[in-house]
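Read the structure below first, then the notes.
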Amino acid sequence: MTTPASASRWRDICHNALWKQNPGLVQLLGLCPVLAISNTAVNALALGLATTLVTTLSGSAVAAARQWIPNDIRNPVFIIIIATLVTCVDLAMNAWLHGLYLVLGIFIPLITTNCIVLARAEAFASRHSVRAAALDGLMMGLGLTLVLLLLGGLREALGKGTLFDGAHLLLGDAGHALVLHLVPAEANYQFLLAMLPPGGFIGLALLIAAKNWLDERARRRAAQRASLSASPISSVASTE
């Protein structure tokens, strides 16, 4: 049965992972794949989903086994669990999404060393229940995936004038219908800076600035509401 306290706890985990402590915009973890693979929306989405699968499964596995893992060797054991899951994801992608596997290359095995995965296993999964760890891993992975998708879409639109180019690698032949040409293909449009790593740095900086602006606006509105709600009490107190 879900109580108001437990519902609030689940909401806090989701809000913390997706916005307040977003791994791509706030914690700035796993920047190597974020900057290297986010040159197209499809590549970014595929790597984000693969990372989400690993964070969810590794969080669940670490939480389930935490009582039997000696504290002194917990990090090597966590890495063995994560490496096993990443190997399964790597082999599955090679078997069923081989074209996309060739594009993403070394970055799939490198999920093993992604700071986000190990950090959540150490900071959260090793101290909480399986359900909470699974939700935290899922939301952290989805938070990173959203950042990757936004950054990949921005860089692809500016760099190639398209969106979701290469979707057939992820979705099969049906993916060809999802490709959007923002600039006519005949124009052979290219903006190389957006496709190279410096473009990734600039795009990520813009996303971080946008998040900080939204947070600051929310703080000002909350302060204004608190000031307005406190005003009648102050006036009554001064009258007395």
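The figures here come from the full heavy-atom set of this structure, side chains too, leaving out hydrogens, waters and symmetry mates.
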Begin with the C-alpha distance, continue with both residues' side-chain angles, and end with the deciding distance and a verdict on side chain to side chain contact (heavy atoms under 4.5 Å, CB included) for Leu169 and Tyr101. CA-CA 9 Å; Leu169 298 174; Tyr101 175 82; over 6 Å; no
Taking every heavy atom of Ala41 against every heavy atom of Glu156, the minimum-distance pair comes out as N-OE1, 2.9 Å
Would Val117 and Val89 show up in the same hydrophobic cluster when neighbours are defined by side-chain heavy atoms closer than 4.5 Å? yes
So side chain to side chain donor-acceptor pair (under 3.5 Å) across residues 44-53, not counting sequence neighbours, yields Thr52-Thr145
Those residues at least two apart in sequence (or on a different chain) that pass side chain to side chain donor-acceptor pair (under 3.5 Å) with Lys20 are none
Residues passing the side chain to side chain donor-acceptor pair (under 3.5 Å) test with Arg221, sequence neighbours excluded, are none
For Gly143, does its backbone N or O pair with a side-chain atom of Asn22 as donor and acceptor, under 3.5 Å?
-> yes
| request: Answer with yes or no whether the hydrophobic clustering places Leu104 together with Leu53; edges join I, L, V, M, F, W, Y residues whose side-chain heavy atoms lie under 4.5 Å apart. | output: yes
Heavy-atom nearest pair, Gly159 first then Met195, reads CA-SD, 3.7 Å
Rounding to 0.5 Å, atoms CG (Leu47) and CD1 (Ile111) come to a distance of 5.5 Å
Residue set satisfying salt bridge (charged side-chain N to carboxylate O under 4.0 Å, His left out) with Glu216, at least two apart, ordered chain then number -> Arg219, Arg220
Requested in this report: Would you kindly confirm whether Leu150 and Ile202 end up in one hydrophobic cluster when ILVMFWY residues are joined by side chain heavy atoms under 4.5 Å apart?
Outcome: no
**OP:** Report whether Leu49 and Leu178 are members of the same hydrophobic cluster (ILVMFWY, side-chain heavy atoms less than 4.5 Å apart, transitive linking).
**Re:** yes
On a heavy-atom basis, the closest approach of Gly203 and Leu151 is C-CD1, 3.5 Å
Apart from Leu192 itself, its cluster of hydrophobic side chains linked below 4.5 Å comprises Leu196
For Arg155, the salt bridge (charged side-chain N to carboxylate O under 4.0 Å, His left out) test, sequence neighbours excluded, returns none
### Task
Using the side chain to side chain contact (heavy atoms under 4.5 Å, CB included) rule, take Val42 and Val103 through it: C-alpha gap first, then chi angles, then the decisive distance, then the call.
CA-CA 10 Å; Val42 171; Val103 174; over 6 Å; no
Members sharing Leu214's hydrophobic cluster, built from side-chain contacts under 4.5 Å between Ile, Leu, Val, Met, Phe, Trp and Tyr, are Trp19, Trp213
Review point. Is the number of heavy atoms from other residues, nucleotides or ligands within 6.0 Å of CD (Gln190) greater than 12?
Key: no
Taking Gln21's backbone N and O only, do any of them form a donor-acceptor pair with Gln27's side chain (distance below 3.5 Å, no angle check)? yes
Separation between OG (Ser38) and CG (Leu148), nearest 0.5 Å, reads 6.5 Å
Members sharing Trp96's hydrophobic cluster, built from side-chain contacts under 4.5 Å between Ile, Leu, Val, Met, Phe, Trp and Tyr, are none
Going through the checks in order, is the side chain to side chain contact (heavy atoms under 4.5 Å, CB included) test met by Leu182 and Lys160?
CA-CA 9 Å; Leu182 306 177; Lys160 299 174 61 178; over 6 Å; no
In short, salt bridge (Lys or Arg N to Asp or Glu O under 4.0 Å) pairs touching residues 74-88 with sequence neighbours left out are Arg74-Glu122
The complete set of side chain to side chain donor-acceptor pair (under 3.5 Å) pairs with one or both residues in residues 106-115, sequence neighbours excluded, reads none
To the nearest 0.5 Å, atom CG of Leu135 lies from atom CE of Met140 at 10.5 Å
Sequence neighbours excluded, the answer for side chain to side chain donor-acceptor pair (under 3.5 Å) partners of Thr40 is Asn43
- Check step by step if side chain to side chain contact (heavy atoms under 4.5 Å, CB included) holds for Lys211 and Leu25. CA-CA 8 Å; Lys211 181 187 183 305; Leu25 297 180; 3.9 Å; yes
Those residues at least two apart in sequence (or on a different chain) that pass side chain to side chain donor-acceptor pair (under 3.5 Å) with Thr56 are none
Path from Ile80 to Val54 over hydrophobic side-chain contacts below 4.5 Å: no
